[in-house]
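Chain A is the first sequence line, chain B the second, and so forth, proteins listed ahead of strands; every chain is numbered from 1.
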Amino acid sequence: MRNIWDDFQASLFLFYKYVTRGNKGTTILTVLVATLAFIQINLISGILSGAVGLIYEQTKNNYVGNIVIQPGKDQWGNKEEYIKQVDLMQRKINAIPGIIGCSSHYATGSVIEYDPDKTGKDIRTISWPVKSIDPDDEKRISELHNYMLAGQYLDESDRDQIIMGREVSGGYGASLEVQSLKGVNIGDEVTVFYHNGVTRKYTVKGIYATVFPLADMSVFVTHKEMESVLGIRDRASEIIIRTDEAHPESYYIQELRKAGVELQDIRPWQDFIGLVLGIVQSFDIIKRIILSIGLIVAGVTIFIVIFIAVISRRKQIGIMKAIGMKEGIIVASYIMLAIFYAVIGIGVGIAVIEFVATPYFIAHPLSFPMGKVSLLIVRSEFVTSIVCMIIVSAIAGFIPSWRVSRENIIKAIWG
Amino acid sequence: MIKVTDLVKTYPGKVPVHALKGVSFEIPSGQFVAVMGPSGSGKSTLLHQLALLDDPTSGRILLDGVDISGLSQRKSSDFRLRHLGYVFQEYALIPELNAIENAFLPLMLLGMKRKEFIRISTELMGKVGLSNRLHHLISELSGGEQQRVAIARALVNRSKILFADEPCANLDTENKGIVLRLLRKLCNDLGQTIIMVTHEPEQREFADRVLWFRDGLLVKEETIDKAVQEEAFHNGFRTDISSDPDYLKDSGQA
């Protein structure tokens, strides 16, 4: 044990001298490359994480909340059409600590028709589900009311009013151009043919745009209006719940079960991002590629620096061995040097990310199709990049020094 | 006491090079031996084998009765650190370390306490005349000073044998004198065993004994007269000896 400690001290001594008395220019240049590699890894990962985080936030804020309750199965195992006794259930849900609010929705299939000049020559129709909301409840679980592009949000008493997302209206900068009414404006009249045969005419009261395509493809009327269309009350197609996120969704799902919401299908928001899951997975792949390239760049640079250092000190290494220095001491001193380059590079990189990049991206977020993306440094990914960079540097320091230190002493000294 | 028996070193290759062809001799402790001979005679190869820097093809090397010719790399390394000192032709110091750091490196490797190795190496640096150059970087020292640092490093572990491979090859006349006198003094005062390879005949006058090599064979042994030694030590070596003596005539190799 004492030998190992003595060897470690000798390696540390050599490493310290290499740093303090070695070529300062080489040290600065190597640290700079390590810094750039680290910033590149974390900056691009941070932007992609920011984009993924935005998708998640948008999903929770404007699409499905944290938890969705859907109808359960009846005694014959068939999925029921509606959740029953919704008022009672909402009271139970709202009583659970940590639940911010809940809002029930009806959702039913329909065909929406828009005749812009009312001549019947240019009728635009889409087959699209219409949802109903209680505007007051909805404001507690969703941010939609803050994203009105034109017109106004629904009021509880509205009966012949409808609001729709930008992508359904087809105007106001809609980007998808699929299944839209191609230019509905505020005050225009649309006709909705519900699947049960009821037809209603509505005036477009508001058009919203969260810039999250999934959320911007919805059409809403009030609960009272929908209940009169369907001829039912105190039921719902789904109940959306927002939590304070102090606990994971699985915790609140358990609490809901305990509170008596037993027969319904309760699912977390993650189950509803199938459409964007591909994007998230692609971003993850890109992040891994960026991490790999960054690590290779940093590793190869440090490898070259250490390689040149040991080649130029080949004779010196031979002499150190000749006086009785163990190979392990020599190798360890170069590994320490490589790790030093990486650690200083990481330190400078962290400072740049913390004090330069993050404030910059907060002030100037990037525009993505789903909204404004800022830098999101995920702690686990950040730590992974640090650990990987140190390991890669240690390997980059080990290989050349190990190869040279294993050379025959006479050959190393005389070349 | 060093006892070498039938030492052979052959470098393999398409045409194997027989650098040592069965060399035997003994060197008592405290003797200053000069190994001489023309280029390619095997004198440096001999030093490498004795200093455990290379493995002999066959033969035995006994140091104080212990066979050191078959040690593993790890044990060789440890043996060199504890018992041997080596001075190279081209100073061979570590440029990132200052003079005293170069000198105390072997003691640090031995795990000695910092205070102790600083004391020992400072004392030794005084003995080689570098008390005022302890904290100078190697690049700030003259060739002679660098070689004296190398000698201090070779002696700092109280080595049983000091090997010196052409230690004056790159020095001017004045510094050659300083280094050779230092080696002679170490032998006289400390009883240090010294084996020095040199191709300059005048340097042999500082030694007690000369081993003459040619073509991988020990061809002649010569004992230096004490009076010649004293003369060289006090008045410097003679520069009028421009070629080696007529040893070949005596050896029957001519």
Between [X] and chain A, which part of the residue has a heavy atom less than 4.5 Å away: side chain, backbone, both or neither?
X         : result
Asp55(B)  : neither
Arg74(B)  : side chain
Leu105(B) : side chain
Asn157(B) : neither

Flag, side chain of Thr35(A) to backbone of Val31(A), donor-acceptor distance under 3.5 Å
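Answer holds: yes.
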
Between chain B and each of Ile323(A), Leu14(A), Ile329(A), Asn408(A), count heavy-atom pairs under 4.5 Å; write down the option with the most.
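Winner by heavy-atom pair count: Ile323(A).
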
Is there a donor in the side chain of Glu381(A) and an acceptor in the side chain of Ser45(A), or the other way round, less than 3.5 Å apart?
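No donor-acceptor contact under 3.5 Å links the two side chains.
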
Would Arg313(A) and Tyr18(A) count as a cation-pi pair here, with the cationic atom under 6.0 angstrom from the ring centre and within 45° of the axis?
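Checked: cation-pi criterion met.
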
On the 0 to 90° scale, with breaks at 30° and 60°, tag the Phe25(B)-Phe213(B) ring pair as parallel, tilted or perpendicular.
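The rings of Phe25(B) and Phe213(B) stand perpendicular, inter-plane angle above 60°.
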
Over 60° means perpendicular and under 30° means parallel, so tell me whether Tyr86(B) and Phe88(B) are parallel, tilted or perpendicular.
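Plane angle between 30° and 60°, so tilted.
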
Let's test your reading of the structure: which of Ile94(B), Asp54(B), Leu137(B) forms the most heavy-atom pairs below 4.5 Å with chain A?
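Top option by heavy-atom pairs under 4.5 Å: Ile94(B).
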
Chain B heavy atoms under 4.5 Å from Lys17(A): which part of the residue, side chain, backbone, both or neither?
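Both parts, backbone and side chain.
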
Can you tell which of Arg82(B), Lys75(B), Arg80(B) makes a side-chain hydrogen bond (donor to acceptor under 3.5 Å, both in side chains) with Asp78(B)?
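Among Arg82(B), Lys75(B), Arg80(B), the one that satisfies the side-chain hydrogen bond (donor to acceptor under 3.5 Å, both in side chains) with Asp78(B) is Arg82(B).
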
